[in-house]
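Remember, it's 1-based here, ligands and their atoms both numbered in the order they're listed.
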Amino acid sequence: MALDSKIPEGPLADKWTNHKNNINLVNPANKRHIDVIIVGTGLAGGSAAATLAELGYNVKAFCFQDSPRRAHSIAAQGGINAAKNYQGDGDSTYRLFYDTVKGGDYRSREANVHRLAEVSTNIIDQCVAQGVPFARDYGGLLDNRSFGGVLVSRTFYAKGQTGQQLLLGAYSAMNRQIGRGKIKMYNRHEMLDVVIVGGKARGIITRNLVTGEIERHSAHAVVIGTGGYGNVFYLSTNAMGSNVTAAWKAHKRGAYFANPCYTQIHPTCIPVSGDHQSKLTLMSESLRNDGRIWVPKKLEDAKAIQNRDLKPTDLAEDQRDYFLERRYPAFGNLVPRDVASRAAKERCDEGFGVNKTGEAVFLDFAAAIVRYGKEKAHVKGLDENDATLIQTLGKEVVKSKYGNLFQMYEKIVDENPYETPMMIYPAVHYTMGGVWVDYNLQTTIPGLYAIGEANFSDHGANRLGASALMQGLADGYFVLPYTIGNYLSDDIRTGPIPTDTVEFEEAEAKVTSEINHFINNKGTKPVDYFHKRLGKIMWNKCGMARNEKELKEAIEEISALREEFYKDVLVPGSADEFNEELAKAGRVADFLELGELFAKDALVREESAGGHFREEYQTPEGEAQRRKEFQFVSAWEYKGEPKDAELHKEELVYENIEVKERSYK
Ligand SMILES: Cc1cc2nc3c(=O)[nH]c(=O)nc-3n(C[C@H](O)[C@H](O)[C@H](O)COP(=O)(O)OP(=O)(O)OC[C@H]3O[C@@H](n4cnc5c(N)ncnc54)[C@H](O)[C@@H]3O)c2cc1C
């Protein structure tokens, strides 16, 4: 099937407005006769569910947690971008558009990114109206801070809990509709297949995770807002339950999967501590507003620090290498994540790492504490030369900005980051790849939509900080509610979709057979054993640096591991009860297929771009080297096995932005 991205005609800045003016609408009375299934109630799915229900559609919403409030979105710490230009520092819709396309290393769709920048400002107004407590400055106006890859302050935040506060906003809006009976909420339900009737998505098969019951649900359209697949690496900053199953099942039913190899490895995470760990912790990028990243200049100092013979605070200033400030003076510590992560890895690979495994760099607030302390003393008319006073005042300011993050670090690492620099290392964090969607957010299956992190999104090969919340909420509050109406306008006379049809029967039988396989397999190894091994292959061979030889090895190894998994996995208990191991088995089965496609995609993409770094394609300075012939989105069609997947290319055309060297110097 040829890919049609359905980008509207006309000048870039008018496309969205014109499109909205020209698409079909469904009148309020008819909306009452139309059902929409939304799988996932994180920020993307939750905002979409609330908005569609408010518009009058009958919404059925699903999540696997016991409440929408527990979606992974709640973990988002740092903030959400919007081109409000409240700081008067030169921001604009165009700049947000430009920064995002450049940040994504010129691998995203211009029209989508421009629309995202346009609606970004509406999101803030919407959330403020819901009561989201964004941080405010002294005068009571909304405050902003900076995130990587930009030279303005456009990030709105609620301390280090932005995702939680935004999710409470979306959840309140959903609750209003649940109360009105316009949303029927199915907590603790996991979608295990999409049902296609007459070529259109018309329903899903779910498993009730508490009782084990397999259920059929029908609707006129299905929306997937099921988040990202970073947990294919086993260790990541994602919530433990985040998985690819819904997106992958859609892929197996005909939805193309785009850019699976584009993964974001976030530079500021707490380093891995050992083999028994199941989760990595992010230290928000907002910390790079004030924290300075460094390693010792000399190898012997690095060794002494690794062995704990030297304290970092005892190392003289001129013996420290602030390597981001050195390499990228214009953006300094606020270069984009892919650039910062690679630079940290480069220093650690050269032996300058600072923890006992040599895989950590420092994130240091000493200078910020002094700077803020002096400013505070000056404002209060106190002695700016009193070092103790400056420390006290400075720490108060840092605490007010990042207090909960510092507390989290201290609880996990048992070191006080006000007194000694934090140790950080890159970790898997976000997936730019996902289900391919056109401008309307529709997948290659008519009637099946994908929103939020689950789609291949607007971030190209690298997402800038604070842009995921923006994209998820743009999709849910401001894009999908228009575009899905255009599709549903054909369904005003269709009537309810029956579930007693062969298509539902076939899909249900398939789900049941896979579940029975796991229960009856009686192998010898638990699910996590396979997941950890998959994660190691992914991290070592498809991680921060990739090359042809290792990617080929990864493909072979993952395929063999999948075979072993099906033969030897042990799932205790039965299918008709709460059985977390069973749920995990299904998710890991899908990760084992996705992982192979991931490696295949990375192998085919013979260039470096954003988070995808092929060692064969780098500049003499070690920067990612794009190649013009790879200026496309790779969209994979399922053909039975990951190795047989067929590649389709969506060529990316840049008419409004000059594709040039991606310099942050
Ligand atoms: C630690 C951390 C901090 C972050 N901080 C920021 C930040 O400051 N700013 C920013 O912009 N971005 C941030 N991000 C990224 C951002 O949080 C996510 O990209 C975003 O929240 C994803 O939202 P979502 O709605 O697409 O998916 P999620 O929030 O992951 O929601 C997925 C939903 O799908 C449901 N689901 C999944 N599979 C199934 C299934 N098979 N059946 C039924 N339901 C299913 C889940 O139950 C859940 O409701 C951060 C990410 C992490 C990991």
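Looking at ligand 1, you'll find an N or O of E453 within less than 3.5 Å of one of its N or O atoms. Ligand 1 has no N or O atom lying under 3.5 Å from any N or O atom of T237, backbone or side chain. Considering backbone and side-chain N/O of A76, none are found under 3.5 Å from N/O of ligand 1. Taking only nitrogen or oxygen atoms, main chain and side chain alike, A454 does not reach within less than 3.5 Å of ligand 1. At least one N or O atom of G78, backbone or side chain, sits closer than 3.5 Å to an N or O atom of ligand 1. Any N or O atom pair closer than 3.5 Å counts here, and F64 shares at least one such pair with ligand 1. Residue M191 has at least one nitrogen or oxygen atom sitting less than 3.5 Å from a nitrogen or oxygen atom of ligand 1, judged on distance alone. For ligand 1, the polar-atom distance check against A71 finds no nitrogen or oxygen pair separated by under 3.5 Å.
The six-membered or imidazole ring of F591 lies away from that of F598, with a centre-to-centre distance of 6.0 Å or more. The aromatic ring centres of F257 and Y229 sit less than 6.0 Å apart. A ring-centre distance under 6.0 Å is not found for Y256 and F456.
Between L480 and L52, some side-chain heavy-atom pair lies under the 4.5 Å cut-off.
Put simply, no part of S242 is less than 4.0 Å from ligand 1, judged by heavy atoms. Residue N238 places a heavy atom under 4.0 Å from ligand 1. Ligand 1 lies within reach of A75, whose nearest heavy atom is under 4.0 Å from it.
Among C63, G225, G230, G227, the residue whose heavy atom lies nearest to atom 33 (C) of ligand 1 is G225. Relative to atom 7 (C) of ligand 1, the option among S73, G160, S67, G79 with the closest non-hydrogen atom is G79. Among H429, Q77, M283, the residue whose heavy atom lies closest to atom 50 (C) of ligand 1 is H429.
With a 6.0 Å radius and a threshold of 12 heavy atoms from other residues, nucleotides or ligands, R95 has its CZ atom at or below the threshold. Around CZ of R188, the count of heavy atoms belonging to other residues, nucleotides or ligands within 6.0 Å exceeds 12.
Contacts with ligand 1 closer than 4.0 Å are made by heavy atoms of both the backbone and the side chain of L469. With a heavy-atom cut-off of 4.0 Å, R463 touches ligand 1 through its side chain alone. Of all the heavy atoms of E285, none lies under 4.0 Å from any atom of ligand 1, so neither backbone nor side chain is involved. By the criterion of a heavy-atom distance under 4.0 Å, the side chain of V39, and not its backbone, is placed next to ligand 1. Neither the backbone nor the side chain of S284 has any atom closer than 4.0 Å to an atom of ligand 1 (non-hydrogen atoms only).
Here the heavy atom of the protein found nearest to atom 47 (O) of ligand 1 is Q65 OE1, 2.4 Å. Scanning the protein for heavy atoms near atom 30 (O) of ligand 1, the closest one is H72 CB, 3.4 Å. Closest to atom 34 (O) of ligand 1 among all protein heavy atoms lies G40 CA, 3.1 Å. For atom 12 (N) of ligand 1, the closest heavy atom belonging to the protein is A468 CB, 3.4 Å.
Every atom of ligand 1 with a heavy atom of Y430 under 4.0 Å away is listed here by number and element: 19 (O). Of all atoms in ligand 1, numbered sequentially from 1 with element shown, those under 4.0 Å from a heavy atom of S467 are 11 (O). Numbered from 1 in the order shown, with element, the atoms of ligand 1 that lie under 4.0 Å from a heavy atom of A44 read 25 (O), 26 (O). Remark: ligand 1 atoms within the under-4.0 Å shell around heavy atoms of T41 are 33 (C), 48 (C), 49 (O). Ligand-side atoms of ligand 1 in range of H189: 42 (N), 43 (C), range being under 4.0 angstrom from any heavy atom. Under a 4.0 Å criterion applied to the non-hydrogen atoms of G452, ligand 1 contributes the atoms 26 (O). Counting the atoms of ligand 1 from 1 in the order shown, those under 4.0 Å from a heavy atom of L282 are 1 (C), 2 (C), 3 (C). Ligand 1 places these atoms under 4.0 Å from at least one heavy atom of G42: 25 (O), 29 (O), 31 (O), 33 (C), 49 (O).
A cation-pi arrangement, defined by a distance under 6.0 Å to the six-membered ring centre and an angle within 45 degrees of its axis, is present between R115 and Y439.
Judged by distance alone, the side chains of D458 and S108 never bring a donor and an acceptor atom under 3.5 Å apart. Q264 and D338 form no side-chain donor-acceptor contact under 3.5 Å, judged by distance and modelled atom types alone. Side-chain contact, N455 with Q471: a donor N or O sits under 3.5 Å from an acceptor N or O. When only modelled atom types and interatomic distance are considered, N144 and T155 share no side-chain donor-acceptor pair under 3.5 Å. Neither side chain, T268 nor E285, offers a donor N or O lying under 3.5 Å from an acceptor on the other.
Formation of a donor-acceptor pair under 3.5 Å by the D438 side chain with backbone atoms of N440 is found in this model. Listed for the S120 side chain is a donor-acceptor partner under 3.5 Å among the backbone atoms of A83. Between the N333 side chain and the N289 main chain, no donor and acceptor come within less than 3.5 Å of each other. A distance-only check finds no donor-acceptor pair linking the side chain of H612 to the backbone of Y262 [under 3.5 Å].
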Evaluate side-chain hydrogen bond (donor to acceptor under 3.5 Å, both in side chains) for D137 paired with Y86, printing each intermediate quantity in order.
CA-CA 11 Å; D137 66 17; Y86 280 172; over 6 Å; no
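Across N231 and S242, no two heavy atoms sit closer than the pair ND2-O, 3.0 Å.
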